[in-house]
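Inspection log for the structure reproduced underneath, given as structure tokens.
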Amino acid sequence: MGHPFPFSAIVGQDEMKRALTIAAIDPSVGGVLAFGDRGTGKSTAVRALAGLLPRIDVVRGCPYNCAPEAPAAACPHCSDLANIETRQRPTPVVDLPLGATEDRVVGALDLERALTRGEKAFEPGLLAQAHRGFLYIDEVNLLEDHLVDLLLDVAATGDNVVEREGLSVRHPARFVLVGSGNPEEGELRPQLLDRFGLSVEIGSPTEVAERVEVIRRRDAFERDGGAFLSQWADAESIHRDRISEAQHRLDEVTTPDIVLEKIAELCIALGADGLRGELTLMRTARALAAFTGESSVTTAHIRAVAPSALRHRLRRDPLDEAGSTSRVNRAVDDVLG
Amino acid sequence: MHAALPDRWEDALRAAALLAVDPDGLRGIVLRARVGPVRDAWWRLYEALLPDDPAPLRLPGGVTAGDLRDDTDLAATLAAGRQVVREGILTRAARRRLVVPMAERLERAIAAELGQRLDGEAAPAVIAWDEAAEAGEGCAPALADRLALSVDLDGLSRRDAAEDWAVTPKDIADARRHLPNVAVPEQVLADLTALTLSLGVSSLRAPLFALRAAQASAALVGAEEVEADDIALALRLVLLPRATRLPAPEAEAETEEAPIPPEEQTAKPSRDRTATEPAEALSPDAVLEAARAILPPDVLARLLSDPTTRRGGAGTGAGDERINLVRGRPAGTIRGRLDRSARIDIIGTLRAAVPWQGVRTPAGNQRVAILPQDIRLKRFREPRQSALIFIVDASGSAARGRLAETKGAIELMLGEAYARREDVALIAFRGADADLLLPPTRSLVQARRRLSALPGGGGTPLAAGLRSGAALAEQVRRGGTTPYLVLLTDGRGNVGLDGQPGRAAAAEDARRMARLIAGDGLASLLIDTANRPQKAAEDLAGHLGGQYVALPRANAAEMSALVRTARDAA
């Protein structure tokens, strides 16, 4: 079966599931960085969420997944079309392989057309395919620095601009960037860490009962996918609807001044560099409030999402033995009481 | 007590049978073995099980990431004048068997792509030959984690590799049909999961693979449900190779369960199996016994003694090309085969093609007739990576302090390692030998973990430290990285290479090692840690052909600053 494992059937991994849900509700939060060993279900979770989200309408034949009701002005394909046909497709999840070259990611001159017909044409890359979906990078700490820079830039602006080899192309590329990495393999530069919205620490469950349930469900899914999917269909559609409602309600959620002050105090207490920490924390808390159906952000929301939003932005102190998560929690206790 | 070697061969054959029964569930096998008659024998027996399956594909040496995917075959397109698509290796290998030779030298990028494909549908069944000679190297983890079975044939001789085996293709076909009917008792699932945890295996794929292996094993004998022998086999083939620690032996001295009897050399899989309960197969004693039987002695020793050591290859195997085709600073143009992993130099290509236009006819829609030999690729030069190898004297009473300061210096350097593209490693020598406490890494997290408990005291095997350092430097070099040795000592060894005390022999051995290092062209720095600078240390630095600095009360910050300066000047 081609359908991914159901999101609601994932055992545990609550922080990861919440982070992905929030990123789906409000993509401006920024990407999600998942730290953890291999085999802990990171890519499963991303695919599962994409499978949960409603199918999107796209222009038939458009390699950039343009929305039919508003084909991007910048889309080279759709701006030429007189007659737009639509079709539906699942939310895209694009994997960025480890050895990917810049050409493949960003897109390049279509060599075949150039060399055989002397035509200059753009061959879209992985960024085009990921538009309106997710871009998943495994082992992001091994990816070359300039590629990570490029990806984060595109993720922030939502546009991919290619100016090379005689080409000048701009196309929309709005996606949720999800990276995974094992800190044992190497560090990510602080500047890059800071540009990911949320971080999540994933460990495999240490409780035997939880692990058994993971294996049991995985086994059931592999043996009879259809039955497993029907079993979880209700839970999936509940989650999907909640995400939809949250997206609609997002603009109406208010953030009281006192909460904003607390956010600022928290970031100062932690010595988080720059202002991204505050912005991310605010957006994340707001998305969470929208998801839980509340009309304004409270300190409870802050407390819940502060570790995700801040743990990867702290100035690295090699001589400090405490993990970042506990530093954040301590500061939260101090500031929020 | 069963002899260890025949069991390993038996297990290897059983693994072949399991893989033949359920390639989808097990995904593949890592076979650690050198090229030779033993590996050939295994392959023959495995192939004989599946006479009707299409022949396996082989991943060519020098394969690039571009070869794996479907792509426009540009050379053929140019020749034909219209688009010609070449199927990638992974497409052709879908649902077939794929042999990956020299898996320990597989480029990370290739391993990652292959691993991704293994996660999805239409995956190939991968047989990875791990031909690593060194204990430290091994099949890339991104690939190994996704292959269920693992077998080590190292050390087996042709005589041990008996070929009279009674499993037939019909047995395999029957087992495949029977597989969906094999039940797994609830308790078995729980026990397997608990065991995986106690072996320190964090990957969630492992218990699932163990389950599939046990089911395939039960299917082979037509059993209705998974039994003790099946679980024990799964333990040996799936879980123990991934173990990072072993359970403590049971404290009680009660009568042991009957050890699982070795099956006879020519035994057909039969219903006549051990009467032990599945749970007993997973008891700590049974696990330890199995571990003793199948794990290589050095791995076993490591697992039993050091709780913080991780198994498996930490190295990346074959290094990236020094002259790079995709990243770095531009460094000219070369002719080359065109695929997506290189940047084409359009101007260069056209320049090569233009003079011939008078005698060529453009094919198809071509405006300019370009042939494959005209293709020029851009060339780049990448700044070389480097590795700092600390070799620290951990002997005697001053050891603790010295080690602690070195650890501090290493952590300081790793805090900035991302900016300097540098790996750091630590070898400590004391007693009779040298230990690699920290394999080359850029990760502060790993350094912290491995260096949390540092042993000290004992004799000074200086020569052994130098020898280990030289060996590691060679390994690192083979990976395309430049090593730089930093030796912290007072220059006075008192234990020779043979592990025997004796100043004169120790000094002579140390001199010899030092000259070897110099002869290999390895750059080095000797930091004299004695309270008063020693002639012995200075002499040794001379033999090493490297720099010498006296730093009597070395502290972490001074040490790291010093190493950085010396390194940059070298």
Side-chain angles (χ1 to χ4, degrees), chain A residues 1-2 36-41 43-44 95 97-104 108-119 138-139 141-142 144-146 165-166 182-190 203-209 211-212 214-216 218-219 222-223 316-319 321, chain B residues 25 65 72 74 77-78 81-83 107-110 112-113 116 119 121 141-142 145 180 184 189-190 192-194 196-197 202-208 211 326-327 338 340-341 343-344 346 349 363-368 370 408 411-412 414-415 417-419 441-446 448-449:
Chain A
M1 75 264 76
D37 276 334
R38 59 187 91 251
T40 44
S43 94
T44 306
D95 277 316
L98 193 59
T101 55
E102 200 176 320
D103 280 6
R104 190 140 171 259
L109 184 67
D110 186 334
L111 285 173
E112 185 253 324
R113 283 165 76 172
L115 292 176
T116 60
R117 282 179 270 168
E119 286 170 16
D138 207 11
E139 306 213 50
N141 42 0
L142 297 179
E144 292 169 41
D145 289 344
H146 77 276
E165 293 167 346
N182 189 342
E184 301 247 328
E185 302 265 350
E187 312 282 324
L188 205 56
R189 283 162 37 206
S204 31
T206 45
E207 288 286 326
V208 177
R211 281 176 77 105
V212 171
V214 171
I215 311 287
R216 196 184 282 128
R218 187 81 217 178
D219 187 35
E222 284 181 13
R223 286 191 154 214
R316 210 45 197 280
D317 187 1
L319 304 176
E321 290 293 326
Chain B
T72 307
L74 283 157
T77 299
L78 286 177
R82 54 175 174 77
Q83 186 174 36
E107 268 181 49
R108 265 204 143 111
I110 311 281
E113 285 243 28
Q116 260 179 22
D119 277 341
E121 323 215 319
D145 188 49
V184 179
L189 185 56
L192 260 179
T193 311
T196 318
L197 208 52
S202 61
S203 165
L204 289 168
R205 289 191 184 95
L208 199 55
L211 188 64
V326 285
R327 55 188 152 272
L338 188 56
R340 292 310 168 138
S341 56
R343 297 278 301 273
I344 187 174
I346 304 257
T349 305
N365 286 325
Q366 277 183 337
R367 301 259 203 86
V368 179
I370 298 183
E411 290 183 356
L412 280 174
L414 280 175
Y418 67 82
T441 182
R442 208 166 296 187
S443 164
L444 188 55
V445 170
Q446 229 194 70
R448 283 245 180 85
R449 200 168 51 86

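Chain naming here is simple, since letters A, B, ... match the order of the sequence lines and numbering starts at 1 in each. A quick note: this is a predicted structure, and the numbers were derived from the prediction, not measured.
- Smallest separation of non-hydrogen atoms from B:S202 and A:R211: O-NH1, 3.9 Å.
- Listed here is the closest heavy atom pair of B:A190 and A:V208: O-CG1, 4.1 Å.
- By the salt bridge (Lys or Arg N to Asp or Glu O under 4.0 Å) test, A:R218 is found to be paired with A:E222, residues two or more places apart in sequence or in another chain being considered.
- The structure places CZ of A:R216 at 11.0 Å from CG of B:L211, a figure rounded to the nearest 0.5 Å.
- Partners of B:D145 according to the salt bridge (Lys or Arg N to Asp or Glu O under 4.0 Å) rule, which considers only residues two or more places apart in sequence or in another chain, are B:R205.
- For chain A, no part of B:A206 is nearby; none of its heavy atoms comes within less than 4.5 Å.
- A pairwise comparison of heavy atoms in A:I215 and B:L189 identifies CG2-CD1, 3.8 Å as the closest pair.
- With a 4.5 angstrom heavy-atom cutoff, A:R223 touches chain B only via side-chain atoms.
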